[in-house]
Amino acid sequence: MTCVKIVSLLKGSFCHLLLVIALWLCSYQNVVALPLLPKPGQIPSTSELPSSPDSATFQPIEISPTMIPHYPFHGEPLPPMYPSFPKTYDPVLTGRCPVNFSVISSITAKTASDCTQSLSTVVGNVICCPQFNSLLHVFQGFYSNHSDTLVLQNAVADDCFKDIISILASRGANSSLSSMCSVKSSNLTGGSCPVKDISTFEKAVNTSKLLESCSTVDPLKECCRPFCQPAISEAALQISGIKMTLSDNKNIVEVPSEIDTLNDCKGVVYSWIARKLRFEDANTAFRLLSSCKVNKG
Ligand SMILES: *[C@@H]1O[C@H](CO)[C@@H](O)[C@H](O)[C@H]1NC(C)=O
Ligand SMILES: *[C@@H]1O[C@H](CO)[C@@H](O)[C@H](O)[C@H]1NC(C)=O
Ligand SMILES: *[C@@H]1O[C@H](CO)[C@@H](O)[C@H](O)[C@H]1NC(C)=O
Ligand SMILES: *[C@@H]1O[C@H](CO)[C@@H](O)[C@H](O)[C@H]1NC(C)=O
Ligand SMILES: *[C@@H]1O[C@H](CO)[C@@H](O)[C@H](O)[C@H]1NC(C)=O
């Protein structure tokens, strides 16, 4: 998308100002390109619709399918200016993911609306995938919140991943999210990262620094002079046990397996952060981090 290119040009001195302009242009473009669609993440105001969709799109998602409310527009005429909302249905869950999904329903609803089938092809990488990744990080922190580990075991990760995809699809999200965003259930397991339990993590990492850097992410500062992103990378490096090689005065990790381990460790760091923050705050922070990454190409 052109707006990504615009933003990627903005590494120079007028970073802040230009970023504002670029973000404005990007949102302007989206509005122009998609005039009939509600802006992702934004609930259409009640004045635009005969009846409020809030109660429909943001109902808690229960594990038991019988508790999922049906979409109230069934059988009712749709508002004239709106394309049809994605149809929702009861997801079929594995029953083996021991999580009360209704607790994180605000984030699953947001993800589904950011990843609706009609939107995903247009803005998949820019809007849908960052939100989907963020949901997975939040989920991982949520799942592990009452245990002493920061990751999911392989089998339960498979089941929970399937359930998440089913819930999102049932709310209108594109069901090929996983391949579209290159994420798998193994992303919830910590992969090859050697540290997966909370006590080892907290011994290895300066957690107060990490929390301080990431508990509030300022969109403009983070994109131009990042605080949280380097804190995450540093923590990931510390738990990875990888020794950096010094070359050209820059720390570089080049061995492919080490790059994988570092990425896996980043997932563990995200999970730790997600445990410490409210869902909404964690989601906002993670979204901002990936939009900066996307913008920087
Ligand atoms: C799941 O969480 C919701 C709200 O957070 C709560 O009302 C409900 O009782 C919980 N369900 C179970 C089975 O614990
Ligand atoms: C889902 O997304 C993929 C990749 O962007 C696209 O090819 C496919 O058509 C989408 N599916 C639907 C039903 O929109
Ligand atoms: C984890 O649990 C604590 C208290 O037990 C709570 O304040 C926090 O919001 C929870 N975080 C997640 C991600 O569930
Ligand atoms: C998921 O894991 C793959 C490798 O298995 C990695 O390339 C990708 O960056 C991970 N995605 C996230 C969001 O962590
Ligand atoms: C952790 O980081 C903070 C800076 O945010 C620093 O003041 C403190 O000394 C560090 N603690 C350790 C044990 O390195």
Side-chain angles (χ1 to χ4, degrees), residues 58-69 93 95 97-109 111 115 124-125 128-143 145-146 150-152 154 157-158 161 163-165 167 177-193 201-216 227-238 240 253 256-274 278-280 282-283 285-287 289-294:
F58 293 99
Q59 280 289 340
I61 297 166
E62 289 283 346
I63 293 177
S64 156
T66 54
M67 302 194 63
I68 294 172
L93 302 181
C97 177
V99 160
N100 182 347
F101 280 104
S102 66
V103 179
I104 52 168
S105 62
S106 63
I107 292 174
T108 43
T111 309
C115 297
N125 289 330
C128 166
C129 293
Q131 178 56 41
F132 182 51
N133 289 340
S134 175
L135 166 68
L136 292 176
H137 293 318
V138 169
F139 177 85
Q140 197 178 333
F142 169 61
Y143 178 92
N145 200 17
H146 301 293
L150 291 160
V151 302
L152 281 70
N154 291 343
D158 272 347
F161 193 77
D163 283 356
I164 291 170
I165 297 287
I167 289 170
L177 274 186
S178 172
S179 55
M180 194 169 91
C181 303
S182 322
V183 200
K184 299 178 293 205
S185 66
S186 60
N187 286 80
L188 296 169
T189 64
S192 58
C193 186
F201 182 94
E202 292 184 346
K203 273 177 212 142
V205 169
N206 184 339
T207 51
S208 54
K209 182 177 173 188
L210 182 59
L211 203 55
E212 193 182 291
S213 309
C214 293
S215 54
T216 55
F227 292 96
C228 176
Q229 198 66 65
I232 289 175
S233 300
E234 187 187 347
L237 183 66
Q238 280 163 342
S240 72
V253 172
S257 68
E258 292 190 338
I259 293 172
D260 286 346
T261 301
L262 264 187
N263 275 331
D264 292 342
C265 286
K266 275 189 189 166
V268 175
V269 177
Y270 275 109
S271 177
W272 185 87
I273 294 172
R278 296 187 314 130
F279 301 137
E280 290 76 14
N283 190 54
F286 296 158
R287 275 294 293 265
L289 290 179
S290 33
S291 63
C292 290
K293 265 191 288 188
V294 169

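Whatever order the structure lists them in is the order used to number ligands and atoms, beginning at 1.
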Peer 1: Taking only heavy atoms of Ser102 into account, list the atoms of ligand 1 that are under 4.0 Å away from them.
Peer 2: 1 (C), 2 (O), 3 (C), 4 (C)
Peer 1: Given side chains that start at C-beta, do those of Trp272 and Ile232 come closer than 4.5 Å, heavy atoms only?
Peer 2: no
Peer 1: A side-chain contact here means heavy atoms from C-beta on lying under 4.5 Å apart; do Phe286 and Ile273 qualify?
Peer 2: yes
Peer 1: Would you mind listing which atoms of ligand 4 come within a distance below 4.0 Å of any non-hydrogen atom of Lys184?
Peer 2: 5 (O)
Peer 1: Compare all side-chain heavy atoms of Phe139 with those of Leu152 and state whether any distance is below 4.5 angstrom.
Peer 2: yes
Peer 1: Among all protein heavy atoms in this structure, tell me which lies nearest to atom 7 (O) of ligand 4, with the distance rounded to 0.1 Å.
Peer 2: Asn263 ND2, 5.0 Å
Peer 1: Test Cys228 against every option in Thr216, Leu210, Leu289 by the side-chain contact (heavy atoms from CB on, under 4.5 Å) rule and name the one that passes.
Peer 2: Leu289
Peer 1: In terms of residue, atom name and distance, what is the protein heavy atom nearest to atom 6 (C) of ligand 5?
Peer 2: Asn206 ND2, 4.1 Å
Peer 1: For atom 11 (N) of ligand 4, is there a protein heavy atom at a distance under 4.0 Å?
Peer 2: yes
Peer 1: Is the closest side-chain heavy-atom distance between Leu177 and Cys115 below 4.5 Å?
Peer 2: yes
Peer 1: For the cysteine pair Cys181 and Cys128, state whether the SG atoms are less than 2.5 angstrom apart.
Peer 2: no
Peer 1: Tell me whether atom 1 (C) of ligand 4 lies less than 4.0 Å from at least one protein heavy-atom position.
Peer 2: yes
Peer 1: Which of the numbered atoms in ligand 4 are under 4.0 angstrom from any heavy atom belonging to Asn133?
Peer 2: 13 (C)
Peer 1: Has ligand 4 got any nitrogen or oxygen that is less than 3.5 angstrom from a nitrogen or oxygen of Asn187?
Peer 2: yes
Peer 1: Contact between Phe227 and Cys214 at the side-chain level, heavy atoms closer than 4.5 Å - yes or no?
Peer 2: no
Peer 1: Which of the atoms in ligand 1, numbered in the order shown and given with their element, are less than 4.0 Å from a heavy-atom of Val103?
Peer 2: 2 (O), 5 (O)
Peer 1: I'd like to check whether Ser208 has a polar contact with ligand 5, where a contact means an N/O of the residue lying under 3.5 Å from an N/O of the ligand.
Peer 2: no
